[in-house]
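To start, the structure itself, in structure tokens.
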Amino acid sequence: MNTAVDLHRSWPSCRQCTGIALDLGSARTRARVSPRRTILDVPTVTSAGPGATYPVQRGTIVDVPATARMLDRLLGHRLPRFSRPLLILTTPVLGGVAYRAQARSAVEVLRPRTVLTVHTARAVAVAAEADLTRPLLVVDLGAHLTEVTLLANGAVTDARCTALGTGDLDGLTPPARITDAVVAMVTGMLDQDHTSQTLDALRRGALLAGGGALRPDITYALTGRLHAPVRPVPAPHTAAVRGAATLLHTARHHPSTSAHQH
């Protein structure tokens, strides 16, 4: 189903219930627990110190129990006692059914009443208040994963990713590696698109999100290599969780919304 969120059976409107918007990144986990507006932004690690492990790696949840323990440590004490929150979770565009199943298993530790999922690119577009009636190219420059997604009428029509991000940059891996990867993905999309959607979106300008969008050396290079404008969204490193929070607010106030029941 191509919708803003992964929705199924109906549930009643709950305007006063606790809500959680969650973005599980390989390097950082970001969450917003409503009605608070503060965004929690912490490393994606199981604990502090030498015994820390990294349960999410390059867009894949490699350790579901460890992810659950991390979420309980970060968010469990922030929830009202006996609450059953509504939760919306961003997911990598190419994460597929396996990622969503693993993520749902991990967030069960928070005892959610309902879990909705939304592709990261769609969440970014919502945060940027982009016009989704026109084709839109979203480039998410993460710490260990870079995604390029084409949205048309708000739905994903093409997507590419590479296991490379700003966290990989060092003396042997220059920023040009990321620029080259993005250009190659966009070129592949143009070559395989038998419509004008990708070209129209590129002419409109690519929307940049993720921590890499804060790096002028990457954004300037992309502008030149793509021969098109690139537009970093405001606060690009938190765009996904802010977009998820907006969608969560909409879902909580819409009595006809349908979703998974827990």
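One-based numbering along the sequence shown. Please read these numbers as outputs of a predicted model, since none were measured by experiment.
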- Note on the structure: Output for pair (Leu94 CG, Arg160 CZ), nearest 0.5 Å, gives 9.0 Å
- Task: Establish whether Leu40 and Val107 are linked, either directly or via other cluster members, by ILVMFWY side-chain heavy-atom contacts under 4.5 Å.
- Result: yes
- Message: So, using side-chain contact (heavy atoms from CB on, under 4.5 Å) as the criterion, who are the partners of Arg28 when residues are at least two apart?
- Response: Arg30, Asp41, Pro43
- Item | Sequence-distant partners of Thr44, side-chain contact (heavy atoms from CB on, under 4.5 Å), two or more places apart | Thr29, Pro55, Val56, Met70
- Query: Which atoms form the tightest heavy-atom contact between Ala213 and Thr219, and what is the distance?
  - Reply: O-CG2, 3.6 Å
- Item | Spatial distance of atom OG1 (Thr117) from atom CG (Leu247) [nearest 0.5 Å] | 11.0 Å
- Looking only at atom types and distance, does a side-chain atom of Thr173 sit under 3.5 Å from a main-chain N or O of Asp170, one as donor and one as acceptor? no
- Tell me, which pairs form a side chain to side chain donor-acceptor pair (under 3.5 Å) where one or both residues lie in residues 124-137, sequence neighbours left out? Asp131-Thr133
- Gap separating the CG atom of Leu24 from the OH atom of Tyr99, nearest 0.5 angstrom: 5.0 Å
- Residues two or more places apart in sequence or in another chain: which of them pass side-chain contact (heavy atoms from CB on, under 4.5 Å) with Val62? Gln57, Thr60
- For the pair Arg122 (side chain) and Ala155 (backbone), establish whether a donor and an acceptor sit closer than 3.5 Å, ignoring hydrogens and angles. no
- For residues 135-147, the side chain to side chain donor-acceptor pair (under 3.5 Å) pairs (sequence neighbours left out) are none
- Verify the cluster assignment for Val233 and Tyr220: are they in a single hydrophobic cluster under the rule of side-chain heavy atoms below 4.5 Å apart? no
- Task: Decide yes or no for Val33 and Leu75: does some side-chain heavy atom of the first lie under 4.5 Å from some side-chain heavy atom of the second?
- Result: yes
- Is Leu214 linked to Leu207 within one hydrophobic cluster, defined over Ile, Leu, Val, Met, Phe, Trp and Tyr using a side-chain heavy-atom separation of less than 4.5 Å? no
- Task: For Asp72, check side-chain hydrogen bond (donor to acceptor under 3.5 Å, both in side chains) against everything at least two apart and list the hits.
- Result: none
- Query: With hydrophobic residues grouped by side-chain heavy-atom distances under 4.5 Å, do Leu87 and Leu74 end up in a single group?
  - Reply: yes
- Query: To which residues is Leu199 joined in a hydrophobic cluster, defined by side-chain heavy-atom contacts under 4.5 Å among Ile, Leu, Val, Met, Phe, Trp and Tyr, whether direct or through other members?
  - Reply: Leu137, Val139, Leu141, Val148, Leu150, Leu164, Leu169, Ile178, Val182, Val183, Met185, Val186, Met189, Leu190, Leu202, Leu208, Ile218, Leu222, Leu226, Val230
- From Thr166 atom OG1 to Leu145 atom CG, the distance as rounded to the nearest 0.5 Å: 11.0 Å
- Query: Side chain of Arg100, backbone of Arg104: donor and acceptor closer than 3.5 Å?
  - Reply: no
- Message: Using the side-chain hydrogen bond (donor to acceptor under 3.5 Å, both in side chains) criterion, which residues pair with Thr149? Sequence neighbours excluded.
- Response: none
- Check the pair His119, Thr91 against side chain to side chain contact (heavy atoms under 4.5 Å, CB included), reporting the backbone distance first and the verdict last. CA-CA 5 Å; His119 290 312; Thr91 64; 3.7 Å; yes
- Item | Those residues that, when tested against Arg58, pass salt bridge (Lys or Arg N to Asp or Glu O under 4.0 Å) (two or more places apart) | Asp168
- Message: Between Leu22 and Val241, is there shared hydrophobic-cluster membership here, with clusters defined by ILVMFWY side-chain heavy atoms closer than 4.5 Å?
- Response: no
- Of all heavy-atom pairs linking Val93 and Ala159, the shortest is CG1-CB, 3.4 Å
- Tell me the side chain to side chain donor-acceptor pair (under 3.5 Å) pairs involving residues 221-238, sequence neighbours left out? Asp180-Arg225, Thr238-Arg242
- Query: How would you list, by chain and number, every residue that makes a side-chain contact (heavy atoms from CB on, under 4.5 Å) with Ala125, sequence neighbours excluded?
  - Reply: Ala130, Leu132, Leu136, Leu151
- Between Ala127 and Ala239, what is the shortest heavy-atom contact and its length? CB-O, 3.2 Å
- Message: Considering only residues two or more places apart or on different chains, which pairs with a residue in residues 193-206 satisfy salt bridge (charged side-chain N to carboxylate O under 4.0 Å, His left out)?
- Response: none
- Item | Value rounded to 0.5 Å, distance of OG in Ser34 from NE2 in His249 | 9.5 Å
- Spatial distance of atom CG (Leu116) from atom CD1 (Ile88) [nearest 0.5 Å]: 5.0 Å
- Item | Where Val115 and Pro112 come nearest, the two heavy atoms and their spacing | CG2-CG, 3.6 Å
